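Numbers here simply count residues along the sequence, with the first being 1. None of these values were measured; they are calculated from a predicted model.
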Amino acid sequence: MFCINSYYYFYNMAINTEALLALQTELKVHQSTLVAVSKTKPYEDIAQAFGSGQLHFGENYIQELNEKITLNHLPLNWHFIGHLQSNKVKLLKKDIHLIHAVHSISLLKAINKHGAALNHKFEVLLQLHVAQETTKHGFDPSEMDNVLATSQLETLEYINIRGIMGMATFTSNEIQIAKEFKKLFSIYVHLKNQWFDGAQFNKLSMGMSSDYKIALAEGSNMVRIGSAIFGNRN
C-alpha cells in the first residue's frame, strides 16, 4: 500500500502559489473548474493549495486517495481521475466528489453495486475515447446513442452521470488536439440535449497541463492540472 507517513515527508512540501493563483484567475474567465492533480504529493501541499483558495483535488490511485481522505480535515472536493479497475471499485469511499473516467457499462454496474452496498449515490463522468492512442480507455463515441438507447443505465439507481471526460492524443500537433476536443464538446452537447437533464449533466472534463488552453478554447469547463502547481511528481 502507498504509505503517506513513510514516503511523503522526504520531499519538499511547497507549491507554486503564483502559478496556482494565475490558473484560478484564468479559469474563472472561462467559468471552468480547476482540479489540482495532487498524486504523489503530501497532504501538507494540498493544505497549502487550499489556503490559496483551491477546493478541488484529483488523485490517480485509489489507495493514495483513501489515505488522503483519512488525513483530511478541510472542506475539499476529492476527484478520482485515474483508470479504475473493476476489482478496485469496492475501495471507493463516499467522500469522493466525482469519478472521472468511467469507461464501460460493466464498470458503471460495478460502481452501482458498490453504491447500493453503501447506500450512496456516486457521481461519475463517462469517458469517451477520441484520441489516436489505442492505450487510452473510453466508450466509442459512435456507440453512445446505442448504449443509451438500450436503457441499460435506467436500472443504475446509485449512479448519477454528470457529464463526460476525455483526453486528446499526446502530440505537438495543436490542430489535431483542437479537433479532438471539438469532437468531445460536440458529443457532450448532443448527449446533454438528447439523453440527460441539462441541469445535472453539466461537466465536460478535458484538458491537462500541456493542452488545457486548447481545451478551454473548445468549451471545456473542467481541467486537470498538476505539475504547474505542485511541480514534477515524486
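Side-chain contact between L74 and I46: absent, with no pair of heavy atoms (C-beta onward) separated by less than 4.5 Å. For the pair D211/F170, no side-chain contact is recorded, criterion being any heavy-atom separation below 4.5 Å from C-beta on. By the 4.5 Å heavy-atom criterion applied to side chains, F122 and Y158 are not counted as neighbours. Proximity of L76 to Y43: side-chain heavy atoms (C-beta onward) are separated by under 4.5 Å at one or more points.
Here the options are V35, V37, L23, the test is side chain to side chain contact (heavy atoms under 4.5 Å, CB included), and the partner is I225; only L23 passes.
The backbone N or O of K41 sits nowhere less than 3.5 Å from a side-chain atom of S38 that would complete a donor-acceptor pair. Under a 3.5 Å cut-off, the side chain of R162 and the backbone N or O of Q200 do form a donor-acceptor pair. Side-chain atoms of K94 come within 3.5 Å of backbone atoms of L118 as a donor-acceptor pair (strictly under, hydrogens ignored). No side-chain donor-acceptor contact under 3.5 Å links N66 to the backbone of Q63. Looking at S32, its side chain does come within 3.5 Å of a backbone N or O of M222 through a donor-acceptor pair.
Across every non-hydrogen atom of T40 and E59, the tightest pair is N-OE1, 4.4 Å.
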Could you go through H103 and H129, starting from their C-alpha distance and side-chain angles, then the distance that decides it, and tell me whether this counts as ring-ring contact (aromatic ring centres under 6.0 Å, His included)? CA-CA 9 Å; H103 53 81; H129 184 271; over 10 Å; no

For D95 and N72, run side-chain contact (heavy atoms from CB on, under 4.5 Å): C-alpha distance rounded to whole Å, both residues' side-chain angles, the deciding distance at 0.1 Å, then the answer. CA-CA 10 Å; D95 308 74; N72 181 41; over 6 Å; no

For F139 and I164, what are the C-alpha separation, side-chain angles and deciding distance, and is it a side-chain contact (heavy atoms from CB on, under 4.5 Å)? CA-CA 10 Å; F139 288 95; I164 68 171; over 6 Å; no

Given the rule in the side-chain contact (heavy atoms from CB on, under 4.5 Å) test, do L108 and L126 qualify, once you have shown the distances and angles that lead to the verdict? CA-CA 9 Å; L108 278 169; L126 301 178; 3.9 Å; yes

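Inspection of the Q48 and E44 side chains reveals no N or O donor paired with an N or O acceptor under 3.5 Å. No hydrogens or angles considered: nothing links the side chains of T33 and H56 as a donor-acceptor pair under 3.5 Å.
Atom CD of Q24 is surrounded by more than 12 heavy atoms from other residues, nucleotides or ligands within 6.0 Å. Within a 6.0 Å radius of NZ in K113, no more than 12 heavy atoms belonging to other residues, nucleotides or ligands are found. The 12-atom threshold is exceeded at NZ of K192, counting heavy atoms of other residues, nucleotides or ligands nearer than 6.0 Å. Dense packing is recorded around NZ of K121, with more than 12 heavy atoms of other residues, nucleotides or ligands lying under 6.0 Å away.
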